[in-house]
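This is a predicted model, so every value here is computed, not measured. Both backbone and side-chain heavy atoms feed into the values below; hydrogens, waters and symmetry mates do not. All residue numbers refer to positions in the sequence shown, counting from 1.
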Amino acid sequence: MTEPSQLELPPLSAPRGLGQHVAFGTALLFYVCAVLSLAGLFIWVGELGGEHPIIASLGACVVFFVGAGIVLHVIGRANLPHLGFGAAKPGQNTPIGAVAEPRDTGR
């Protein structure tokens, strides 16, 4: 029997590609934009009043930037091993979106 210290465990997360790094960086940028929009909202709400179209637009910007930031954050930090659109290699599971090669049944 093999000792537990000699067992090789699979990596906990797959390496992230360029797209995931870009998505995470964009998420951080969107969070900053949300904070700036919120700051502008609080600064101008006293001058313009709560019913001014600029205040409504800034509120919508906050909601958009936070929502899009959350989506991009999840995409950027997701563990996506073997996700691709190419043909599957023999011995691998078929990635999402890939077309599996037909198997020879020997008939």
Same cluster or not: F65 versus V45, using hydrophobic residues (I, L, V, M, F, W, Y) connected whenever any side-chain heavy atoms lie under 4.5 Å apart?
no

Can you label the angle between the F30 ring and the F64 ring as parallel, tilted or perpendicular, going by 30° and 60°?
tilted

In one Ile/Leu/Val/Met/Phe/Trp/Tyr side-chain cluster, 4.5 Å: I43, L41
yes

So does R77 get a backbone contact from the side chain of Q20, meaning a donor-acceptor N/O pair under 3.5 Å?
no

Would F24 and V32 show up in the same hydrophobic cluster when neighbours are defined by side-chain heavy atoms closer than 4.5 Å?
no

Are L29 and I70 joined in one hydrophobic group, where the rule is that I, L, V, M, F, W and Y side chains link up if heavy atoms are under 4.5 Å apart?
no

Under a 4.5 Å side-chain heavy-atom rule over Ile, Leu, Val, Met, Phe, Trp and Tyr, are F42 and I54 clustered together?
yes

Should the pair H73 and Y31 be assigned to parallel (<30°), tilted (30 to 60°) or perpendicular (>60°) ring geometry?
tilted

When every non-hydrogen atom of V66 is compared with those of A34, the smallest separation belongs to CG2-CB, 3.7 Å

CG (L48) and CD1 (I55) are apart, to the nearest 0.5 Å, by 5.0 Å

What's the shortest heavy-atom distance between G69 and A27, and which atoms?
O-CB, 3.4 Å

